[in-house]
Amino acid sequence: MSELMRVPLSDGGCFLVEVADDEPGVRRASRAGDVVDAAVDSLKTALEPIRQAAECALETFRKAGPRAVEIEFGVRLNAEAGAVIAKTGTEGHLTVKLSWGEKD
């Protein structure tokens with residue numbers, strides 16, 4: 001079964017994300033138990049480490065000198081950790097595409 005997690009936005013608003021009810025860090029936000037609060041200050045704060053990881057990966061792969069770099073990964077919101085790179089199966093998910101040829 002899943003729950004709804006309330007994630008605050010920098011401007012004071014919030015949005016809801018569906019999370020598993022056994023998600024680490026989940027705590028009830030209402031008596032009805034239908035919404036949990038995220039432990040992060042805002043979505044911007046939660047995504048900052050993911051942005052930094054993306055910049056690091058991009059910088060690393062650009063050193064190989066490709067014409068183009070594409071990096072794709074899933075981001076999952078976690079009540080305790082904020083944003084995390086989502087896994088596929090049992091491993092973290094990161095797909096990298098480098099190209100050196102003529103423009104497609």
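Being a predicted model, the structure only gives us computed values, none of them experimental.
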### Task
State whether the side chain of Arg67 and the backbone N or O of Gly101 hold a donor-acceptor pair below 3.5 Å, judged by distance alone.
yes
### Query
Between CZ of Arg76 and CD1 of Ile50, what distance do you get to the nearest 0.5 Å?
10.5 Å
Output side-chain donor-acceptor pairs under 3.5 Å for residues 57-65, partner residues at least two apart or in another chain, one line each.
from	atom 1	to	atom 2	distance (Å)
Thr60	OG1	Cys56	O	2.9

### Query
Of all residues at least two apart in sequence or in a different chain, which pass the salt bridge (charged side-chain N to carboxylate O under 4.0 Å, His left out) check with Glu48?
Arg51
